[in-house]
Amino acid sequence: MSKLCFVTTGATAPFTKLIVSVLSTPSLDAFLQCEVTHIFIQYGTAKDVYETSAQAARAYLKQKGAEEKLEIDGMDFDSSGLSKQFKLVQETQGLAISHAGSGSILVALRFQVPLIVVPNTALLDNHQEELAVAMDRANYVIHGNVDNLAPAIKAFEDFRAKMAQFPPITAGKQRQSKSFADVMDETVGFTDFNNE
Amino acid sequence: MAPPSAALYTPTFFLALLTTLLLCASLRLLAILPDTRFSSPPPRRKSGSSTRILIVLGSGGHTQEMLYLLKDLDPRKYTHRTWVVSSGDAFSVGRAVAFEKALEEKAEGEGEQVRGWNIGSAHYDIAIVPRARKIHQSLITTPFSSLYCLWACFRPLLIPTTSSSTSSITDADLPDLIITNGPATACILILASLILKFFNVQGASSRGKCKTIYAESFARVKTLSLSGKLLVRVVDRFLVQWDGLDGVGGRAEFVGILV
């Protein structure tokens, strides 16, 4: 049985440290332990970083005699969006690892797949870190550390069971707070529209 | 009567003139800027009345979040949508068209109940405005390109660009509501709408047109984005998606995750 790990690093300014971290030896050991069979990396413009790291990773797997168990592949980016990849993750009961860009997070969560969010700590503005911490606390995602990714990878199977639904089920009729459509109606004066 | 002597134009005179103008401008601003909290609901709007909304799309992330925000948009109430896109942003244009196409498909699925759905090319238009600042553009020329962008923003506010003969005349009115989530263009467009309200152009202020909603990105947990900081005291509704930002600037409303 195959199990896919999809990694997205951002298209325009790829998070190269994440590519290196995913293909480091402690991460590879964690993937093998979790019986992940394929790693698929969206590397954006960082093709050379990806190729060097993938080569080293394959050499390490060969030396361990595990090159059959874990395949590594990649692509630059997909103009049609990443839905196809997240769907494959969902079907193979795999996991996704993403930079902390809100776009990829929102798409991945629509597929209810275990997602490890790795903030780019080198960025000046640390709001990515805040988002990852808050999302982790609410059990929407696992907050991963780019310098030590293995613990987050090992946690993903247990996380699947306790993963919270996103967007929260408070949406729709049970919702206590207002939806965006409610706020729009209120602001222009459609308040009583639904009660007619 | 003899013309005023040149001695009138003293520095003191200009200082007094300037102070008077500033005072008037401040009073006018106080009159058009919203209250601290959204308190007074607008007069009730009849169903079926023509309502134009203006949606500002930004770069990839902003556009995607905006479309999630609008997922329950009711085309029976909001009769005309103007999508504002920065020049060169083909991604956002594509997403706006896809959104409108999806509304049409949804209407087809509804069958008989489709009457009253304001969909199709007569009910939306896409307005392209120049970028306020291109990536890597020099800081010296930025004020000029921003002014150019400001100038261009008046057009989608005053008239929908592709107003076809089939759309009713009221659709060509000022927008009732401006929705944005923070690209740079949004700040400039909101400034343009404030100028319209300031001078009450086409009754922008007296008729309660150009109401504004700003939704801070869901990626903002503890601090506002730059656009958020600029707009927090200016927009009618300022929504935040994490409780840590509730009440920021005395105005932010925490409404939970919206995307």
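Convention: sequence-line order gives letters A, B, ...; per-chain numbering from 1. This structure is a prediction, so every number in the text was calculated from the model and none was measured.
A/Met184 has its side chain out of reach of B/Asp74: every pair of non-hydrogen atoms, C-beta onward, lies at least 4.5 Å apart. Under the 4.5 Å side-chain criterion, counting only non-hydrogen atoms from C-beta, B/Val259 is not in contact with A/Phe180. Within the 4.5 Å cutoff, the side chain of A/Met135 has no heavy atoms near those of the B/Val221 side chain. Residues B/Lys77 and A/Asp185 have side chains in contact (heavy-atom distance under 4.5 Å, counting atoms from C-beta outward).
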Verdict with supporting geometry, A/Glu130 and B/Arg220, salt bridge (charged side-chain N to carboxylate O under 4.0 Å, His left out): CA-CA 8 Å; A/Glu130 289 168 7; B/Arg220 290 292 171 159; over 6 Å; no
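The structure places CZ of B/Arg237 at 4.0 Å from OG1 of A/Thr187, a figure rounded to the nearest 0.5 Å. In this structure, A/Asp182 CG and B/Asp72 CG are separated by 9.0 Å, a value rounded to the nearest 0.5 Å. In this structure, CD1 on B/Ile213 lies 9.0 Å from CD on A/Glu186, to the nearest 0.5 angstrom.
For a residue to count as touching a neighbouring chain, one of its non-hydrogen atoms must lie under 4.5 Å from one of that chain's; by this rule B/Leu69 touches chain A with backbone and side chain alike.
Between chain B and the options A/Ala132, A/Ala138, A/Ser102, the largest number of non-hydrogen pairs under 4.5 Å is found for A/Ser102. Interface summary for chain B: among A/Val107, A/Ile105, A/Leu131, A/Leu109, the most heavy-atom pairs under 4.5 angstrom belong to A/Leu131.
Of all residues in residues 46-70 of chain A, none places a non-hydrogen atom less than 4.5 angstrom from a non-hydrogen atom of chain B.
The neighbour count for A/Gln112 CD, taken as heavy atoms of other residues, nucleotides or ligands under 6.0 Å away, is above 12.
A cation-pi arrangement is present between A/Arg110 and B/Tyr68 under the rule of less than 6.0 angstrom and at most 45 degrees off the ring axis.
No donor-acceptor distance shorter than 3.5 angstrom exists from the side chain of B/Arg44 to the backbone of A/Phe190, with no hydrogens or angles considered.
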